[in-house]
*Asks:* 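The following block contains the structure, expressed as structure tokens.
Just the heavy atoms: all of them, side chains too, but no hydrogens, waters or symmetry mates, feed the values below. Below, chain A is the first sequence line, B the second, and so on; all start at residue 1.
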4 protein chains.
Amino acid sequence: MPKTSAVMPAPGRRLARASTQKKLDELLMKAASLVARKGFEATSMRDLAKAIDASLAGLYHYFSSKEDLLFQLQYRTFGSLLEQQQAVAAEPGTPEERFARLITGHLQFYARHRNELKACTFELESLTGKPYETVEAIRRRYYRLMTSVVADVIGGPSSNGKETRKSRHATLFIFGMLNWIFMWYEPSRHGTVEQIGQEMRELVLDGLRRGKRSG
Amino acid sequence: MPKTSAVMPAPGRRLARASTQKKLDELLMKAASLVARKGFEATSMRDLAKAIDASLAGLYHYFSSKEDLLFQLQYRTFGSLLEQQQAVAAEPGTPEERFARLITGHLQFYARHRNELKACTFELESLTGKPYETVEAIRRRYYRLMTSVVADVIGGPSSNGKETRKSRHATLFIFGMLNWIFMWYEPSRHGTVEQIGQEMRELVLDGLRRGKRSG
Amino acid sequence: MPKTSAVMPAPGRRLARASTQKKLDELLMKAASLVARKGFEATSMRDLAKAIDASLAGLYHYFSSKEDLLFQLQYRTFGSLLEQQQAVAAEPGTPEERFARLITGHLQFYARHRNELKACTFELESLTGKPYETVEAIRRRYYRLMTSVVADVIGGPSSNGKETRKSRHATLFIFGMLNWIFMWYEPSRHGTVEQIGQEMRELVLDGLRRGKRSG
Amino acid sequence: MPKTSAVMPAPGRRLARASTQKKLDELLMKAASLVARKGFEATSMRDLAKAIDASLAGLYHYFSSKEDLLFQLQYRTFGSLLEQQQAVAAEPGTPEERFARLITGHLQFYARHRNELKACTFELESLTGKPYETVEAIRRRYYRLMTSVVADVIGGPSSNGKETRKSRHATLFIFGMLNWIFMWYEPSRHGTVEQIGQEMRELVLDGLRRGKRSG
DNA sequence: GATGAATGAGCTTTCATTCAT
DNA sequence: TATGAATGAAAGCTCATTCAT
């Protein structure tokens, strides 16, 4: 599968020519790489222009501001991830199967779009106001999606994805496991993300199921 | 218990007067608060000086540079945490008990020194060179300590803290759960950290023990 | 003759528009004036910006740093001087005539580019590393050029510009006379530089020629 | 002869204890060393304090300001030089002999107090106002002393040190030769200062004497 | 579209100096 | 005498952004 930037147009954006869209994709990918490496604050528009081999002023044809750049990056990436995971969760199967597919899907997305996802995961608070809320809304929908499946694992399919204190907290813990991977994962040392996903599930599945009886 | 900055002098520091030491503690606490809220890069020395109600130049009596400030903050905090957890792990008990105490200890430290710990957990890469390595070494010792206890939970006391792939990965997952708490925890919504700690253990304990049989 | 900055582009500089080149010339001239008056260290970039009626940040379009500014100033000026004097020395004539032309040429250059030359003569050590060496190399070539002509005056044309201890030392003494002029020369009090040049030659010519016989 | 700082108390200074005087001497010597190496502007009071192994605030017991430090340095050094050269010029002898003694005396002073003299020679304009004028007055007296002897060489003892255009200019040239030595002299490469002095005289003596006849 | 030039605001850091102790 | 602590001012430089071309 070709390694492309996660695509999903930002709101209120008219797509110009196809070539422009392509360039924008490239810009965002390079931007993600820089932001992932140095952090958003520490990445200057000059850095970006240099990395992209464009002029500083040229960047402002694609992004109205530095913040807008981050917003587009987060919006597209998070939107893409959510879309993918919604499709994954919609496929039929037992709660355990759907849970497994979500974990794997998340980690595969991580593997394919590491830089972009890192900028989403760790730079959320670099946005403020409306852009922040827009992205935060996506993030919350994703959290809800995961919670509903976790709830099914805990309570069985009959629970119908109904959130409980336990399912909510467990989801937060699981996202912690998933997102912390940025801090340590190296394919050559730790194996494939699919293996990691399985290990994560093995760590928590019994604990989740125990809830069926006790809570 | 009084809320003080985690105390542990940085290396190579001679303290002049006692009042200076006190002030330094206060500086670091305020600094941690700002850094936790806005991030290290986005926190300017001016911000700090203002928050502390001191002059900008005055800061440089206590820290040779902005980076030195972060280093001292991380060194003291991480050092304190490690010291505490070493003591906790050294107390006798079954592996499960020791594991429980470590989780609780970590979360209690979080509750008491949230800002300082956040600056340690999320700004590690804002240091470079020797300071980075010095702090990284502490972090690694803490990781090892946790891994050895996790290994005992997995393999029983007879395993003697010997690391395995499973114990190492499980520890990374658990640290993910623990550290992600910065992203969501609110005492009024989620209960005490002690409760959170118990929930975490319930989520993973079965999964850890399963290892005793299966691998 | 119009009073312009000594022109010679610095190495590795591509000039954008013609107007930019013009502005750069103006900047260097004003900079030379300030540096000559107050010294390089004591001249701040803010001073320069003010004198030029530009913004502080704008300066950094032309010079990558304060040191780069000094380097460009020295490189252009010294390069221009060397070029001129090489042409002067290349013209045919007796050793005495060529010596006379070099002295006059140097003093005329001084008269036309006093400020720029002063920054070259007295701020050489404000540069370090590669820029220093680049300028120092020009200076040395100039010194060699002068020494070879002085040697011819001492030993006659047959000596072919071969350096001797005497010619080297005499050249150093003569450069002292020439460069010290910055400390005292005022046209209205001391006459033209051409007159000054003649007086210098009268002071040393006999002494140089004496060498023909005795050493 | 012991290498000490050139001693001559600054005006309006009460000498405290002998130990204080000694320390002051040491301070000035170290200061001269730094100023000679880096220039006055580029030398900070912190640099000085560190070099002297004293506290920053401590410096202000000896010097009321940074400028005062430079003033005392220049006043003492130039005063000492003038005193020495006045004694030298007062000794009987032919004009040529007295001229020779002055040149040698100057260069020997240079050799013994290189750093101090450099700060006098090249940092004169770092002073302003009254301090500048005070030092400038000494410098002028020294210039007059030299001019009178040069005039005697030119015009014979009967000229009685009467200044002429020629003697004034020749003195300026000669001071150029003498002072430029800071830029190039290395004992191991160029021989003793006494040798250098003789070479200087050989370079200019004929030219000076020629004046006896022609103007 | 694209870019060189420009800028006000802000950055970290250092300066000479003062003062309580 | 001596010094740690403190500070207003200023240093060199970079920032995100704008605009004429």
Side-chain angles (χ1 to χ4, degrees), chain A residues 16-17 19-20 23-24 40-49 52-69, chain B residues 14-20 23-24 41-49 52-69, chain C residues 14-21 23-24 41-49 52-69, chain D residues 16-17 19-20 23-24 41-49 52-69:
Chain A
R17 306 190 220 129
S19 73
T20 295
K23 180 126 189 191
L24 200 152
F40 178 69
E41 270 284 340
T43 301
S44 73
M45 294 296 269
R46 270 170 182 78
D47 290 339
L48 282 172
I52 276 152
D53 201 44
S55 73
L56 177 55
L59 285 185
Y60 285 83
H61 288 289
Y62 297 94
F63 313 107
S64 66
S65 69
K66 195 189 175 193
E67 192 182 21
D68 178 47
L69 186 156
Chain B
R14 231 163 315 132
L15 305 173
R17 314 195 197 139
S19 72
T20 295
K23 180 129 190 189
L24 201 154
E41 271 284 340
T43 302
S44 75
M45 294 297 269
R46 273 176 180 78
D47 291 339
L48 279 172
I52 275 150
D53 199 44
S55 72
L56 178 54
L59 286 186
Y60 286 83
H61 277 284
Y62 298 93
F63 313 107
S64 66
S65 68
K66 196 189 175 192
E67 190 181 20
D68 179 47
L69 186 156
Chain C
R14 234 166 312 137
L15 306 174
R17 315 192 199 143
S19 72
T20 295
Q21 174 60 34
K23 179 127 189 188
L24 201 153
E41 272 284 341
T43 302
S44 75
M45 293 298 269
R46 275 169 180 81
D47 290 338
L48 277 173
I52 274 149
D53 199 45
S55 72
L56 175 57
L59 285 187
Y60 286 85
H61 277 284
Y62 297 94
F63 314 106
S64 66
S65 68
K66 197 189 175 194
E67 190 182 20
D68 179 47
L69 186 156
Chain D
R17 305 188 221 131
S19 73
T20 296
K23 179 126 190 192
L24 201 153
E41 270 285 341
T43 301
S44 73
M45 294 296 270
R46 272 171 181 78
D47 290 338
L48 282 171
I52 276 153
D53 202 44
S55 72
L56 178 54
L59 285 186
Y60 286 82
H61 287 288
Y62 297 94
F63 313 106
S64 67
S65 69
K66 196 189 174 194
E67 192 182 19
D68 178 48
L69 185 156

*Asks:* Among the candidates dT3(E), dT17(F), dT17(E), find the nucleotide nearest to the side-chain atoms of Lys66(A).
*Replies:*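 In terms of side-chain proximity for Lys66(A), the closest of dT3(E), dT17(F), dT17(E) is dT17(F).
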
*Asks:* Closest to the Leu56(B) side chain: dT12(E), dA2(F), dA16(E)?
*Replies:* dT12(E)

*Asks:* Identify the two heavy atoms, one from Asp68(B) and one from Phe63(B), that lie closest to each other, and give their separation to 0.1 Å.
*Replies:*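 Closest approach of Asp68(B) to Phe63(B), heavy atoms only: OD2-CA, 3.3 Å.
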
*Asks:* Determine, for Phe40(A) and Lys66(A), whether the Lys NZ or Arg CZ falls below 6.0 Å from the six-membered ring centre while staying within 45 degrees of the axis.
*Replies:* yes

*Asks:* Round to a whole Å and report the spacing from CG of Leu59(C) to C1' of dA5(E).
*Replies:* 13 Å

*Asks:* Give me the atom names and distance for the closest heavy-atom approach of Leu59(D) to Ala49(D).
*Replies:*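 So the two residues come closest at CD1-N, 3.9 Å.
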
*Asks:* Can you measure Leu48(B) atom CG to dG10(E) atom C1' for me and round it to whole angstrom units?
*Replies:*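 So the two atoms are 15 Å apart, to the nearest Å.
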
*Asks:* Side chains of residues 41-48 of chain D: which donor-acceptor pairs under 3.5 Å do they make with residues two or more places apart or in other chains?
*Replies:*
residue: Thr43(D); atom: OG1; partner: Gly39(D); partner atom: O; Å: 2.6
residue: Ser44(D); atom: OG; partner: Arg46(D); partner atom: N; Å: 3.4
residue: Ser44(D); atom: OG; partner: Asp47(D); partner atom: N; Å: 3.0
residue: Ser44(D); atom: OG; partner: Asp47(D); partner atom: OD1; Å: 3.4
residue: Ser44(D); atom: OG; partner: Asp47(D); partner atom: OD2; Å: 3.3
residue: Asp47(D); atom: OD2; partner: Lys38(D); partner atom: NZ; Å: 2.9
residue: Asp47(D); atom: OD2; partner: Ser44(D); partner atom: N; Å: 3.1

*Asks:* Starting at CD of Glu41(D) and ending at P of dT14(E), how long is that distance when rounded to a whole Å?
*Replies:* 17 Å

*Asks:* Rounded to the Å, how far apart are Leu24(C) CG and dA5(E) C1'?
*Replies:*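 Between C1' of dA5(E) and CG of Leu24(C): 13 Å.
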
*Asks:* Pairs counted only when both distances fall under 3.5 Å, Watson-Crick or G-U: show me the 5' to 3' dot-bracket for DNA chain E, [ ] for pseudoknotted crossings and | for other-strand partners.
*Replies:* .||||||||||||||||||||

*Asks:* Roughly how far, to the nearest 0.5 Å, is the NZ atom of Lys23(C) from the CD1 atom of Ile52(C)?
*Replies:* 8.0 Å

*Asks:* Do the side-chain N or O atoms of Tyr60(C) get closer than 4.0 angstrom to the phosphate oxygens (OP1, OP2) of dC15(F)?
*Replies:* no

*Asks:* Between dA6(F) and Ser55(B), is there an OP1 or OP2 to side-chain N/O distance shorter than 4.0 Å?
*Replies:*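 It does not, given that no N or O in the side chain of Ser55(B) lies less than 4.0 Å from OP1 or OP2 of dA6(F).
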
*Asks:* Atom CE of Met45(C) and atom P of dT7(E): how far apart are they, to the nearest Å?
*Replies:* 14 Å

*Asks:* Do Arg46(C) side-chain and dG12(F) base share a donor-acceptor contact under 3.5 Å?
*Replies:* yes

*Asks:* Roughly how many Å is it from CZ in Phe40(A) to C1' in dC15(F), rounded to a whole number?
*Replies:*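 After rounding, the gap between these two atoms is 12 Å.
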
*Asks:* Provide, to the nearest angstrom, the distance between the CD1 atom belonging to Ile52(C) and the C1' atom belonging to dA6(E).
*Replies:* 14 Å

*Asks:* Please determine, for the side chain of Ala57(D), which listed nucleotide (dT7(F), dT3(E), dG4(F)) has the closest atom?
*Replies:* dG4(F)

*Asks:* Taking atom P of dT1(F) as reference, at what distance in whole Å does atom CZ of Phe63(D) sit?
*Replies:*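 Phe63(D) atom CZ is separated from dT1(F) atom P by 13 Å.
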
*Asks:* Would you say Lys23(C) places a side-chain N or O within less than 4.0 Å of OP1 or OP2 belonging to dA6(E)?
*Replies:*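 Yes, within the criterion.
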
